[in-house]
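This report concerns only the one structure given below.
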Amino acid sequence: MSFASEVREELCRSLPDKKCCCLAECYGVLLYCNTFSRDEIRIVTENTDLARRLPRLFRKAFGLSFDQSPDPETPGKRTFVMEDPEKLETVFAAYGQEHAPMALHINFGVLESDCCRQSFVRGAFLAGGSVTDPDKRYHLELATSHRKVSGECRSLLQELGFEFLDTQRSGSKILYLKQSDAIVDFLTMIGSPLQAMKIIQAKMEKEVRNGVNRRVNCETANLDKAVDAAQEQLSAIRALRSSGKFEALPQKLKDTALLREAHPEATLSELAAMVDPPVSKPAISHRMKTIIEKSRELREEPL
């Protein structure tokens, strides 16, 4: 089951207690479904949970049944149709549009309370929403073919505290979120807190993995630098030995060189701890730099 299906499954577990919230959720479904006109209501869904919910929701909101209502358990697309003129008039009357010319828009007068607004947005998501798997990326959107409805829904969402961005795709107006925190808050608001928690968990796991990767990359880079530095030091010591200048080095430099030869993979901190008595890392680093400088002087001596 996809993450979006899991969200819908959680949203569809129970109907709103209040009739006004059922009406509001139906309103969101209708404005984001396939067809909502004075001649026909047509809702097409492949989601089993929504297919089970729609007949119960419309019955509680309007006291009506669909003229065509498929078996929710039948796989594939299910199409719910309402064409009876009296039923359609009842639906439009519920939203104060029984006599108004048909123009799809949101009648905010039927969405005065926060619970009804949240129910409306839940219906819009059930009919026209999608959300990606948080293990891949963060993206939630609401899609409708009605430009005016999309603009009004964006204003409603702003009043609820959400700043959706908008775009257009294949003739549909899209409102979308890309911030994980905003998606978590949105899903929690419309009634899917368990799936919202999965986003939080996925984000935490990503941050842990990224932190581990950064540390590993940093340690690898430091190790590479240490290996390169050690090879340069060993090369300098070999050059001094082959030139006969090694024995002329001060005793501290010779002791340091001997330690490096005996422990080619040791870090400077580890070498500093091996000196008797132990010295600081800057001290051992200074000695190594002096050895390298003396080897470079060999190349500059006239033949």
Step-by-step side-chain contact (heavy atoms from CB on, under 4.5 Å) determination, Gln231 to Asp228:
CA-CA 5 Å; Gln231 291 304 313; Asp228 291 342; 5.7 Å; no
With side chains defined as the heavy atoms from C-beta onward, is the minimum distance between Leu31 and Ile106 less than 4.5 Å?
yes
Steps toward side-chain contact (heavy atoms from CB on, under 4.5 Å) verdict (Arg137, Lys178):
CA-CA 8 Å; Arg137 63 189 181 110; Lys178 284 187 172 294; 3.8 Å; yes
Which atom pairs, one a donor and one an acceptor, fall under 3.5 Å between side chains of residues 269-283 and the rest of the protein, sequence neighbours left out?
from   : atom 1 : to     : atom 2 : distance (Å)
Glu270 : OE1    : Thr267 : N      : 2.9
Ser280 : OG     : Ala283 : N      : 3.2

Check the hydrophobic clustering (I, L, V, M, F, W, Y; side-chain heavy atoms under 4.5 Å; chains of links allowed) and say if Leu177 and Ile200 are grouped together.
yes
Heavy-atom pair with the smallest gap, counting every atom of Cys115 and Lys18:
SG-NZ, 3.3 Å
Measuring only between side-chain heavy atoms, which start at C-beta, is Leu126 closer than 4.5 Å to Cys12?
yes
Going by side-chain hydrogen bond (donor to acceptor under 3.5 Å, both in side chains), name the residues that satisfy it together with Glu73, two or more places apart in sequence or in a different chain.
Arg52
Separation between SG of Cys26 and CZ of Arg59, rounded to the nearest 0.5 Å
11.5 Å
Does CD in Gln251 sit with more than 12 non-hydrogen atoms of other residues, nucleotides or ligands closer than 6.0 Å?
yes
Are Val81 and Ile41 joined in one hydrophobic group, where the rule is that I, L, V, M, F, W and Y side chains link up if heavy atoms are under 4.5 Å apart?
no
Taking side chain as C-beta onward, heavy atoms only, is Arg260 less than 4.5 Å from Ile237?
yes
What's the spacing between Tyr95 OH and Thr90 OG1 if we round to 0.5 Å?
11.5 Å
Shortest non-hydrogen contact from Phe120 toward Cys153
CE2-SG, 4.2 Å
I'd like to know if the side chain of Ser150 reaches the main chain of His146, judged simply by a donor and an acceptor atom lying under 3.5 Å from each other, with no hydrogens or angles considered.
no
Ser119 and Glu25: side-chain hydrogen bond (donor to acceptor under 3.5 Å, both in side chains), yes or no, with the steps?
CA-CA 5 Å; Ser119 295; Glu25 185 175 320; 5.2 Å; no
Heavy-atom distance under 4.5 Å between the side chains of Val44 and Phe80, does that happen here?
no
Could you tell me if Lys148 and His105 have a donor-acceptor pair between their side chains, going purely by distance under 3.5 Å?
no
Polar side-chain atom of Arg122 near backbone of Ile190 as donor-acceptor pair, under 3.5 Å
yes
Find out whether Lys87 and Ser65 are in side-chain contact, i.e. whether some heavy atom of one side chain is under 4.5 Å from a heavy atom of the other.
yes
Would you check if Cys22 and Phe58 make a side-chain contact, meaning some heavy-atom pair closer than 4.5 Å?
no
Look only at the side chain of Glu10 and the backbone of Gln195, and say whether a donor-acceptor pair between them is shorter than 3.5 Å.
yes
Sequence neighbours excluded, every pair satisfying salt bridge (Lys or Arg N to Asp or Glu O under 4.0 Å) that has a member inside residues 191-204
Glu6-Lys198, Asp181-Lys203
Decide if the gap between the ring center of Tyr27 and the ring center of Phe36 is smaller than 6.0 angstrom.
no
Sorted by chain and number, sequence neighbours left out, ring-ring contact (aromatic ring centres under 6.0 Å, His included) with Phe186 holds for Phe162, Phe164
Any side-chain hydrogen bond (donor to acceptor under 3.5 Å, both in side chains) involving residues 284-294? Give me the pairs, sequence neighbours left out, ordered by first then second residue.
Thr256-Arg287
Phe3 and Thr132, any side-chain heavy atoms less than 4.5 Å apart
no
Would you say the side-chain atoms of Asp114 and Gln118 include a donor-acceptor pair closer than 3.5 Å?
no
Roughly how far apart are Leu30 CG and Met82 CE, rounded to 0.5 Å?
8.5 Å
Write out all pairs satisfying salt bridge (Lys or Arg N to Asp or Glu O under 4.0 Å) with one or both partners inside residues 155-175, taking only residues at least two apart or from two chains.
Arg117-Glu159, Glu141-Arg169, Arg154-Asp166, Asp166-Lys173
Nearest 0.5 Å, what's the NZ-CZ distance between Lys60 and Arg53?
9.5 Å
Donor-acceptor contact below 3.5 Å, side chain Ser242 vs main chain Ala239:
yes
Report the C-alpha distance between Glu247 and Lys254 in whole Å, list the side-chain angles of each, state the deciding distance to 0.1 Å, and finish with yes or no for salt bridge (Lys or Arg N to Asp or Glu O under 4.0 Å).
CA-CA 8 Å; Glu247 294 300 328; Lys254 286 197 292 184; 3.5 Å; yes
Linking I/L/V/M/F/W/Y whenever any side-chain heavy atoms sit under 4.5 Å apart, do Phe125 and Ile174 land together?
no
How many angstroms lie between CG in Leu187 and CG in Leu140, if you round to the nearest 0.5 Å?
6.0 Å
Is the shortest distance from a Lys or Arg side-chain nitrogen in Glu261 or Arg238 to a carboxylate oxygen in the other one below 4.0 Å?
no
Could you go through Val110 and Leu23, starting from their C-alpha distance and side-chain angles, then the distance that decides it, and tell me whether this counts as side-chain contact (heavy atoms from CB on, under 4.5 Å)?
CA-CA 9 Å; Val110 299; Leu23 283 167; over 6 Å; no
For Thr48 and Arg78, test the side chains for any donor-to-acceptor distance below 3.5 angstrom and give the result as yes or no.
yes
Rounded to the nearest 0.5 Å, how far apart are CE of Met288 and CG of Leu234?
8.0 Å
Testing the basics here: between Val131 and Val7, what is the closest heavy-atom pair and its distance to 0.1 Å?
CG1-CG2, 4.0 Å
Kindly give the heavy-atom pair with the smallest separation between Leu111 and Cys116, and that separation in Å.
CD2-O, 3.8 Å
Please give me the minimum heavy-atom distance between Ala94 and Phe62, naming the atom from each residue.
CB-CE2, 3.7 Å
Can you see whether Arg147 engages Gln168 through a side-chain donor-acceptor pair at a distance of less than 3.5 angstrom?
yes
Determine whether Leu165 and Val121 fall in the same hydrophobic cluster, where Ile, Leu, Val, Met, Phe, Trp and Tyr are linked whenever their side-chain heavy atoms lie under 4.5 Å apart.
no
Do the numbers put Arg38 on top of the ring of Phe92, so that NZ or CZ is under 6.0 Å from the six-membered ring centre and no more than 45° off the axis?
yes
Please report the shortest heavy-atom distance between Leu15 and Leu57, naming the atom on each side.
CD2-CD1, 4.0 Å
Determine, step by step, whether Leu240 and Leu249 satisfy the side-chain contact (heavy atoms from CB on, under 4.5 Å) criterion, reporting the C-alpha distance in whole Å, the side-chain angles of both residues, the deciding distance to 0.1 Å, and the verdict.
CA-CA 9 Å; Leu240 289 169; Leu249 293 175; 3.9 Å; yes
Test item: Ser192 side-chain N/O and Thr188 main-chain N/O as donor-acceptor pair under 3.5 Å:
no
same_hphob_cluster(Phe108, Leu175) at 4.5 Å side-chain heavy-atom cutoff:
yes
For Glu9, run the side-chain contact (heavy atoms from CB on, under 4.5 Å) check against Leu194, Asn47, Leu50, Asp49 and tell me which one passes.
Asp49
Validation row: Ser172, Thr144 side chains within 4.5 angstrom (heavy atoms):
no
